[in-house]
Structure formats: C-alpha cells, structure tokens
Trainee: 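Have a look at the structure that comes next, please.
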Amino acid sequence: IITIIEIGGLIMVIIFSGDALPRTLSNWSAYIPPAPIHDLSIWVNIFSGAFLAFYAFIGFEDMVNIAEEVKDAKKTLPRAILICFCLTFLIYFLISLVAISLSTPAELAESKTPLATILAKSGSSVPPEIMIGISILAAINGVLVQIIMAARILYGMGTGGEAPAIFARVNEITHTPLLATFCVIGGVIFFALLTDLRTLAKIASGIILFIFGIVNLALVKIKFRDGKRTSGFSIPYWMPMTGMIVCAVMLIFEIWQAII
C-alpha cells in the first residue's frame with residue numbers, strides 16, 4: 001500500500017508539472033555538458049552525481065531474496081526485475097526533467113523536500129504537506145523493506161553456516177528471525193546516528209556497486225564454467241562483463257575522488 005502511495009505521489013508531481021516538459025525537451029541542448037567536453041571537472045561532477053544516484057537502485061537485488069516464494073522463478077523473476085527497472089527508469093527520468101525545468105540545482109540542493117518544492121513551483125493547488133507526508137512514508141517504507149530483506153539474508157547465512165547459527169533461530173510466536181532483525185535494526189540506527197544522510201547514501205552506493213560487481217563476476221564465472229545455455233532466463237556474456245566493468249570503474253573513480 002505504501003509503495004502504491006509513493007508511486008502515486010511521483011506520478012502526481014509529473015502530471016501537475018507536465019506543462020514544463022515541452023520547454024525542457026525544446027531546450028535539450030542546455031542539458032548537454034558544455035564545451036570543452038574533454039574538461040575533466042565536468043565528468044567528475046557527472047560521475048559523482050551518477051555514483052550518488054546509484055543509491056536509488058537499492059531494492060532490485062532484494063527481489064531475488066523472495067525467489068523461493070515465486071512461481072516459476074526462472075522465468076517470472078527476471079521479467080519482474082526488468083519490468084520494475086524500466087518503470088523505475090521512466091519515472092525517475094520524467095521527475096528529473098520536471099525538476100531541472102522548474103527549479104535550479106541550487107534550489108533543489110537547499111530544499112529539504114525537493115518534490116514538494118517542484119510541486120509548489122508548478123502552480124499546483126495541492127498542499128505541499130501532502131507531498132511531504134508521502135516523502136516521509138517513502139523513507140519509512142524503504143527502511144522497513146531493507147531491514148526485512150537484510151534480516152532474511154542474515155537468517156539465510158545463519159542457516160547455511162556462513163554466519164553464526166544463532167541468526168537462524170526463528171521465534172516461536174512470530175515465526176520470524178527476531179534476533180537477525182534486531183541486529184539489522186541496531187546497525188541501521190548506528191550508521192544513521194554516525195554520519196549525515198549524504199555520506200550514508202555514498203557508503204550505501206559504494207556497497208551496492210561492489211555487490212553488483214561481484215554478482216556480475218560470479219555470473220561470468222558460471223557462464224565460462226558451464227559453457228551451455230540454461231533452460232531459464234539467459235543473457236549473453238558481454239552483459240555481465242559490461243556490468244562488472246561499469247561497477248568497477250565507478251567504484252574506483254569514487255575511491256580516487258575520496259583520496260585526492
């Protein structure tokens with residue numbers, strides 16, 4: 001239900017700000033990196049923004065954790081992931097176009113509720129408090145989903161012997177791994193109090209890039225080891241190779257930026 005409310009809020013912003021899209025599309029040249037295109041500082045900013053935006057991809061890997069609850073997972077799950085990715089890309093792309101057409105980067109950076117700011121600038125009569133409420137629900141929903149999924153991973157590792165077996169214990173009343181869940185909650189609270197949101201998002205983006213890179217590497221290894229097409233969803237060799245290289249380049253770039 002909360003996810004539907006989140007998507008509805010984003011679509012509401014796109015609809016009420018739709019008049020700004022033609023202006024943005026007609027002035028598309030303003031959003032191309034200025035000359036000289038070989039200027040390193042331009043690409044540093046672009047890559048830094050892309051690295052931070054990778055935080056938005058949190059959740060796609062969580063879908064794999066429920067594979068055992070999906071019917072015909074070999075065919076259904078890949079399709080679900082691709083459909084979710086395409087829809088997410090489309091919504092984020094439209095929100096980005098609306099944002100840059102109605103507000104300046106400085107205004108968006110200073111705003112604590114960017115979507116409410118965009119909605120207000122669109123001339124909509126919708127109270128900004130509604131968008132603020134949806135944003136709060138989105139944050140809470142994201143945290144809850146990550147806690148549940150991380151606890152499930154910890155439970156699975158405890159069951160498989162990759163983590164202490166104590167994490168595999170299931171409460172007799174709730175039938176859930178409470179200890180694993182409490183450990184994850186403790187970790188979330190610790191990191192939330194330890195640093196600011198931007199730094200935390202960068203750390204999360206770095207971890208996700210590392211995990212995605214390792215998953216692509218594992219897929220490459222499996223394909224070279226087996227050497228035959230599976231009965232389920234399959235992709236060519238170049239796709240995991242490309243994914244692994246892109247993740248590695250972005251991760252190395254961010255580490256280099258942090259060092260210098």
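These values consider heavy atoms only, across backbone and side chains, with no hydrogens, waters or symmetry-generated copies.
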Trainee: Count I, L, V, M, F, W, Y as connected when their side-chain heavy atoms are under 4.5 Å apart, and connections chain through other members. Are I245 and F212 then in the same cluster?
Mentor: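 Result: no, two separate clusters.
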Trainee: What's the separation between atom CD1 in I147 and atom CZ in F182, rounded to the nearest 0.5 Å?
Mentor: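 Reported to 0.5 Å precision, the distance equals 10.5 Å.
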Trainee: For residues I130 and L119, determine if any side-chain heavy atom of one lies less than 4.5 Å from a side-chain heavy atom of the other.
Mentor: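 They are not in contact (no side-chain heavy atoms under 4.5 Å apart), so the answer is no.
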Trainee: Nearest heavy-atom pair of N171 and L178: which atoms, and what distance?
Mentor: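 Closest heavy-atom pair between N171 and L178: ND2-CD1, 3.3 Å.
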Trainee: Hey, does L209 have a side-chain heavy atom less than 4.5 Å from the side chain of M250?
Mentor: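 Yes, at least one pair of side-chain atoms sits under 4.5 Å.
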Trainee: Only counting residues at least two apart or in another chain, list the ones meeting side chain to side chain contact (heavy atoms under 4.5 Å, CB included) with F210.
Mentor: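 Here the qualifying residues are I214, L251.
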Trainee: Ignoring hydrogens, what is the shortest heavy-atom contact between P240 and V220? Give both atom names and the distance.
Mentor: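 Looks like CB-CG2, 3.6 Å.
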Trainee: For T181, which residues count as a side-chain hydrogen bond (donor to acceptor under 3.5 Å, both in side chains) partner, sequence neighbours excluded?
Mentor: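 Result, side-chain hydrogen bond (donor to acceptor under 3.5 Å, both in side chains) vs T181: none returned.
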Trainee: To the closest 0.5 Å, what do you measure between CG (L10) and CD1 (I5)?
Mentor: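 Here the interatomic distance stands at 12.5 Å.
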Trainee: Kindly write out the residues that satisfy side chain to side chain contact (heavy atoms under 4.5 Å, CB included) with I252, not counting sequence neighbours, or none if the list is empty.
Mentor: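 Partners of I252 under the side chain to side chain contact (heavy atoms under 4.5 Å, CB included) test: none.
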Trainee: Around I4, counting heavy atoms of other residues, nucleotides and ligands shown, do more than 12 lie under 6.0 Å from its CD1?
Mentor: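 Atom CD1 in I4 is not crowded, with 12 or fewer foreign heavy atoms closer than 6.0 Å.
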Trainee: Heavy atoms only: give me the nearest M239-N216 pair and the separation to one decimal.
Mentor: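 Shortest heavy-atom separation between M239 and N216 comes out as O-OD1, 4.3 Å.
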Trainee: For T176, give me all partners under side-chain hydrogen bond (donor to acceptor under 3.5 Å, both in side chains), at least two apart in sequence or on another chain.
Mentor: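 Scan of T176 (side-chain hydrogen bond (donor to acceptor under 3.5 Å, both in side chains), adjacent residues dropped) gives T174.
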Trainee: Which value, rounded to the nearest 0.5 Å, describes the distance between E6 atom CD and I11 atom CD1?
Mentor: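 Between E6 CD and I11 CD1, I get 12.0 Å after rounding to 0.5 Å.
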Trainee: Check which hydrophobic residues are tied to I83 through side-chain heavy-atom contacts below 4.5 Å, counting indirect links as well, and list them.
Mentor: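 Cluster partners of I83: L87.
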Trainee: Partners of E110 by salt bridge (Lys or Arg N to Asp or Glu O under 4.0 Å), sequence neighbours excluded?
Mentor: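 With neighbours one apart ignored, the set is empty.
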Trainee: To check you understand the geometry: which heavy-atom pair defines the closest contact between A180 and A151, and what is its length?
Mentor: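 It is CB-O, 3.7 Å.
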Trainee: Using a side-chain heavy atom cutoff under 4.5 Å and only I, L, V, M, F, W and Y, what cluster partners does I148 have?
Mentor: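 Once heavy-atom contacts under 4.5 Å are chained together, I148 still belongs with nothing else.
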Trainee: Partners of I189 by side chain to side chain contact (heavy atoms under 4.5 Å, CB included), sequence neighbours excluded?
Mentor: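 Per chain and number, I189 pairs via side chain to side chain contact (heavy atoms under 4.5 Å, CB included) with I185, L193.
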Trainee: Within the supplied structure, the quantity of interest is the number of heavy atoms (other residues, nucleotides, ligands) at a distance under 6.0 Å from M241 CE; does it exceed 12?
Mentor: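 Not more than 12 within 6.0 Å, no.
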Trainee: Run through the side-chain heavy atoms of Ile, Leu, Val, Met, Phe, Trp and Tyr, join any pair under 4.5 Å, and report what else lands in Y155's cluster.
Mentor: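 Besides Y155, the hydrophobic cluster comprises V170, listed by chain and residue number.
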Trainee: Could you work out, with side chain to side chain contact (heavy atoms under 4.5 Å, CB included) as the rule, every residue matching L217, not counting sequence neighbours?
Mentor: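 Residues passing side chain to side chain contact (heavy atoms under 4.5 Å, CB included) with L217: M244.
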Trainee: Among L90, I118, L94, find the one that has a side chain to side chain contact (heavy atoms under 4.5 Å, CB included) with I14.
Mentor: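 With I14 as partner, L90, I118, L94 yield a single side chain to side chain contact (heavy atoms under 4.5 Å, CB included), made by L94.
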Trainee: Got a sec, which hydrophobics cluster with I132, joining ILVMFWY side chains under 4.5 Å apart, including via others?
Mentor: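 Taking Ile, Leu, Val, Met, Phe, Trp and Tyr as members, I132 shares its hydrophobic cluster with I136, I140, L144.
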Trainee: Using a 4.5 Å cut-off on heavy atoms from C-beta on, say whether the side chain of P164 contacts that of F167.
Mentor: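 Yes, side chains in contact.
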